[in-house]
2 protein chains.
Amino acid sequence: MRADAQRNRDRIVEVARVVFRERGYDASLDDIAKKAGVGPGTLYRHFPTRDALLDAVMQAWVDGVTETTDKALTFEGPAREFLIGWFEAYVALISMHKGGPAKLTSAMGDEQSPISHKTRVLVAATQRVVDHLQARGALREDVEALQMCRMVGGVAVIADQSDLSADEVRPMLAVLADGMLRPTGG
Amino acid sequence: MRADAQRNRDRIVEVARVVFRERGYDASLDDIAKKAGVGPGTLYRHFPTRDALLDAVMQAWVDGVTETTDKALTFEGPAREFLIGWFEAYVALISMHKGGPAKLTSAMGDEQSPISHKTRVLVAATQRVVDHLQARGALREDVEALQMCRMVGGVAVIADQSDLSADEVRPMLAVLADGMLRPTGG
DNA sequence: CAACCATACGGAGAGTGTCTCCGTTTAGCA
DNA sequence: TGCTAAACGGAGACACTCTCCGTATGGTTG
């Protein structure tokens with residue numbers, strides 16, 4: 001790629017990252033192009049669709065997922081707290097942008113989606129959590145990572161769209177955890 | 001209202017019902033006007049916003065909610081089956097149109113929303129189910145109707161957006177039920 | 001039944017966003 | 001320095017939303 005092209009591409013992604021966060025995923029692309037100091041043609045050549053641009057914007061974010069999971073897996077306490085903690089981290093991860101939870105969660109399991117790579121990273125991270133808990137015998141056997149992603153994603157979507165606070169979200173995540181963990185007889 | 005105005009209004013709502021179901025809530029309003037054989041001005045006079053039209057389309061639907069709840073409450077079996085059955089009915093109710101679950105669930109708890117009346121009907125219906133179960137001592141005490149609506153709504157949103165089948169949705173609803181019901185020690 | 005007018009109609013058009021085409025410019029190389 | 005493939009960017013076609021206002025008409029009154 002020519003140096004000027006690379007420069008423009010980087011500028012567009014940087015501007016898009018800010019605009020998407022401030023205005024949501026339906027911000028005007030021509031506007032992003034203008035803010036980045038390029039013509040709309042340039043933006044659309046680099047990113048033929050809105051999702052292609054979104055994909056680029058999310059790239060840096062993907063690395064954070066693995067990191068967060070690594071850290072979560074070091075937790076030593078009770079399974080319930082561990083799982084709820086992970087759920088909260090997961091919700092925070094996919095709620096980086098307004099509309100992000102819906103975008104990511106509805107693309108989950110769809111191989112055709114332009115951001116399917118991003119969702120695979122999320123499912124893979126969740127799979128590690130599932131394996132960890134199942135090795136300890138704490139999780140019901142029929143719980144799958146994809147299902148877990150969808151359910152926590154569902155809560156995140158509602159929280160995102162209704163502007164719920166962490167205090168309103170936590171009890172819902174607790175319900176999910178209780179529904180997925182093996183009953184302890186308490 | 002003049003007779004011709006009433007006729008036009010009815011035609012618009014009827015067409016909108018079909019178009020919303022087939023194409024989702026972001027269908028072109030000018031297109032709906034054209035299909036109804038009126039000018040865009042006429043449509044916008046009757047329904048100043050998209051949500052106003054949506055509200056009219058949903059009017060008939062509201063009656064079905066109370067009816068469904070009445071029927072559900074007659075169920076005599078175990079609490080878990082009752083609750084899962086209600087969840088399935090609820091998901092079906094709010095999934096009448098593509099995009100419906102998201103629309104309804106994210107408006108829930110927001111008094112300003114143009115469809116807040118519709119969401120109140122749903123929460124009230126769910127409240128009856130909660131009361132019923134709590135009278136039997138089957139539900140955890142901290143479970144609230146609004147929270148229940150949001151969580152089941154979250155699952156419905158994902159199911160709607162990812163085109164999940166009933167077989168994929170049921171296990172998720174079972175997780176919710178297990179997380180909300182009082183542990184039975186089994 | 002004729003005349004009137006408040007009510008309703010509907011289309012032209014302004015504003016905004018998406019996306020493409022193509023003439024112009026320029027980076028990188030020989 | 002000159003060449004050319006690569007990249008630029010803006011004009012403009014197309015789509016959707018929503019409004020304004022001249023025109024048509026339902027319903028009422030004398």
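Sequence lines set the chain letters: A, B, ... in the order given, protein chains first and strands last, and positions in each chain run from 1.
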Asker: Are more than 12 heavy atoms from other residues, nucleotides or ligands located less than 6.0 Å from atom CD of B:Gln134?
Answerer: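 For B:Gln134, atom CD is crowded (more than 12 foreign heavy atoms under 6.0 Å).
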
Asker: Round to a whole Å and report the spacing from CZ of B:Arg11 to P of C:dC9.
Answerer: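 B:Arg11 atom CZ is separated from C:dC9 atom P by 11 Å.
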
Asker: Can you measure B:Tyr25 atom OH to D:dC16 atom P for me and round it to whole angstrom units?
Answerer: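 Going from OH in B:Tyr25 over to P in D:dC16 covers 19 Å.
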
Asker: What is the distance from CG of B:Asp26 to P of D:dA15, rounded to the nearest Å?
Answerer: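 These atoms are roughly 16 Å apart.
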
Asker: Does D:dC18 have OP1 or OP2 sitting under 4.0 Å from an N or O in the side chain of B:Tyr44?
Answerer: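 So the side chain of B:Tyr44 is within the cut-off, an N or O lying under 4.0 Å from OP1 or OP2 of D:dC18.
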
Asker: Taking ring-ring contact (aromatic ring centres under 6.0 Å, His included) as the test, write out the residues that go with A:Phe20, two or more places apart.
Answerer: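 With sequence neighbours excluded, A:Phe20 shows a ring-ring contact (aromatic ring centres under 6.0 Å, His included) to A:Tyr25, given in chain and number order.
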
Asker: D:dA7 base to A:Arg2 side chain: any donor-acceptor pair below 3.5 Å?
Answerer: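 Between D:dA7 and A:Arg2, which were checked side chain against base, a qualifying N/O pair under 3.5 Å is absent.
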
Asker: Measure from CG on B:Asp4 to C1' on C:dA6 and round the result to the nearest Å.
Answerer: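 In whole Å, C:dA6 C1' and B:Asp4 CG are 12 Å from each other.
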
Asker: Is B:Ser28 near enough to D:dA15 that one of its side-chain N or O atoms lies under 4.0 angstrom from OP1 or OP2?
Answerer: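 For B:Ser28, the contact criterion (side-chain N or O under 4.0 Å from OP1 or OP2 of D:dA15) is not met.
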
Asker: Scan B:Pro48 against the nucleic acid and name what it touches under 4.0 Å (heavy atoms): base, sugar-phosphate only, or nothing.
Answerer: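 Nothing, no heavy atom under 4.0 Å.
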
Asker: Checking all strands, does A:Ala36 fall into the base, sugar-phosphate, or nothing category for heavy-atom contacts under 4.0 angstrom?
Answerer: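 Touches nothing.
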
Asker: Report yes if a side-chain nitrogen or oxygen of B:Thr42 is closer than 4.0 Å to either non-bridging phosphate oxygen (OP1 or OP2) of C:dG10; otherwise report no.
Answerer: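 Affirmative; the distance criterion is met.
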
Asker: With sugar-phosphate meaning primed atoms plus P, OP1 and OP2, does B:Arg50 contact a base, only sugar-phosphate, or nothing at under 4.0 Å between heavy atoms?
Answerer: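 The residue B:Arg50 makes sugar-phosphate contact but no base contact.
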
Asker: Confirm from the modelled atom types if B:Asp30 and D:dC18 form a donor-acceptor pair under 3.5 Å, side chain to base only.
Answerer: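 Pair found.
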
Asker: Figure out the CZ/P separation between A:Arg7 and C:dT26, and round it to whole Å.
Answerer: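 One finds 12 Å between P of C:dT26 and CZ of A:Arg7, rounded.
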
Asker: Which nucleotide, D:dT17, C:dG17, D:dA11, lies nearest any side-chain atom of B:Leu29?
Answerer: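 When the side chain of B:Leu29 is considered, D:dT17 is the closest of D:dT17, C:dG17, D:dA11.
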
Asker: Tell me, please, which residues at least two apart from A:His132 pass ring-ring contact (aromatic ring centres under 6.0 Å, His included).
Answerer: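 For A:His132 the ring-ring contact (aromatic ring centres under 6.0 Å, His included) partners, ignoring immediate neighbours, are A:Phe82.
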
Asker: Find the distance between CZ (A:Arg80) and CG (A:Leu181) and round it off to the nearest 0.5 Å.
Answerer: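 Output value for this atom pair is 8.0 Å.
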
Asker: Counting heavy atoms from C-beta on, name the nucleotide in C:dC19, D:dT19, C:dG10 closest to the side chain of A:Pro40.
Answerer: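 Between C:dC19, D:dT19, C:dG10, the one nearest the side chain of A:Pro40 would be C:dC19.
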
Asker: C:dA8, D:dG27, C:dA12: which one has an atom nearest the side-chain heavy atoms of B:Ala3?
Answerer: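 From the listed options, D:dG27 comes nearest.
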
Asker: Is there a donor on the side chain of A:Asn8 or the base of D:dC8 sitting less than 3.5 Å from an acceptor on the other?
Answerer: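 Result: no qualifying N/O pair found.
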
Asker: I'd like to know if the side chain of B:Gln127 pairs up with that of B:Asp131 as donor and acceptor (distance under 3.5 Å, no hydrogens or angles considered).
Answerer: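 Per modelled atom types, B:Gln127 and B:Asp131 side chains form a pair under 3.5 Å.
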
Asker: So if I take the C1' atoms of five pairs at each end of the helix from C:dC1-D:dG30 to C:dA30-D:dT1 and get each local axis, what angle do the two axes make, rounded to 10 degrees?
Answerer: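 End-to-end axis angle for the helix from C:dC1-D:dG30 to C:dA30-D:dT1: 10°, rounded to 10°.
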
Asker: Are A:His46 and D:dA7 close enough that a side-chain N or O sits under 4.0 Å from OP1 or OP2?
Answerer: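 For D:dA7, OP1/OP2 do not have a side-chain N/O of A:His46 under 4.0 Å.
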
Asker: Give the rounded distance in Å between these two atoms: CZ of A:Arg9 and C1' of D:dA6.
Answerer: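 So the two atoms are 16 Å apart, to the nearest Å.
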
Asker: Strictly distance-based, threshold 3.5 Å: is any side-chain N or O of B:Asp160 a donor or acceptor partner for the main-chain N or O of B:Lys98?
Answerer: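 Answer holds: no.
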
Asker: Could you check whether atom CD of B:Glu141 has more than 12 heavy atoms from other residues, nucleotides or ligands sitting under 6.0 Å from it?
Answerer: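 Open: at most 12 neighbouring heavy atoms sit under 6.0 Å from CD of B:Glu141.
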
Asker: In whole angstrom, give the distance that lies between atom NZ of B:Lys34 and atom C1' of D:dC18.
Answerer: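 Nearest whole value for this atom pair: 16 Å.
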
Asker: Indicate whether the side chain of A:Asp10 and that of A:Gln6 have a donor and an acceptor atom separated by less than 3.5 Å.
Answerer: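 The answer is yes; a qualifying pair exists.
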
Asker: Taking atom P of C:dC19 as reference, at what distance in whole Å does atom CG of A:Leu53 sit?
Answerer: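 It works out to 11 Å between those atoms.
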
